[in-house]
**Q** 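So that we are looking at the same thing, I have put the structure below in structure tokens.
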Amino acid sequence: PIKYPDGTTRLKLGGNLLTKEGELVGRIEKDPEGMVKWYRSGGDAGRKQELWEMVDTLVPGLRPLEVFVDACITSNTPTGRPYLGEVSPGVFVA
């Protein structure tokens with residue numbers, strides 16, 4: 001759980017899931033236009049129930065005041081390793 005500056009505490013989860021056979025379930029965006037469109041979409045509301053069932057399995061009895069969906073992206077580098085560094089003066093990525 002993460003405590004936010006507004007005083008709320010949130011449990012964030014998501015991302016692409018794998019089937020029992022190891023196949024990716026979810027979307028893969030490779031071009032900048034697709035990524036922007038995804039961010040602006042608000043996420044995949046259809047995954048809300050699936051992710052809630054995961055939370056309920058991990059934390060039975062949890063009764064949140066609100067459950068909501070939003071978009072996020074996990075980026076991958078060509079090496080498969082994270083990129084950490086300064087991309088321009090005073091601007092860093094991690």
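Every value quoted in this text rests on a predicted model; they were computed, and no experiment measured them.
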**Q** Is the backbone N or O of Gly90 less than 3.5 Å from a side-chain atom of Glu86, with the two atoms forming a donor-acceptor pair by type?
**A**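 Looks like yes, one N/O pair under 3.5 Å.
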
**Q** Membership question, hydrophobic clusters at under 4.5 Å side-chain separation (ILVMFWY): are Met35 and Trp38 in the same one?
**A**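 Linked within one cluster.
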
**Q** Who pairs with Asp6 by salt bridge (Lys or Arg N to Asp or Glu O under 4.0 Å), at least two apart in sequence or on another chain?
**A**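 Once residues adjacent in sequence are excluded, the partners of Asp6 under the salt bridge (Lys or Arg N to Asp or Glu O under 4.0 Å) criterion are Arg10.
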
**Q** Give the table of side-chain donor-acceptor pairs shorter than 3.5 Å for residues 56-70, with sequence neighbours excluded, one pair per line with atom names and distance.
**A**
unit_1 : atom_1 : unit_2 : atom_2 : d
Thr57  : OG1    : Glu53  : O      : 2.9

**Q** Apply the hydrophobic cluster definition, ILVMFWY joined by side-chain contacts under 4.5 Å directly or through others, and give me every member besides Ile2.
**A**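 The other cluster members (ILVMFWY side chains, heavy atoms under 4.5 Å, direct or chained) are Tyr4.
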
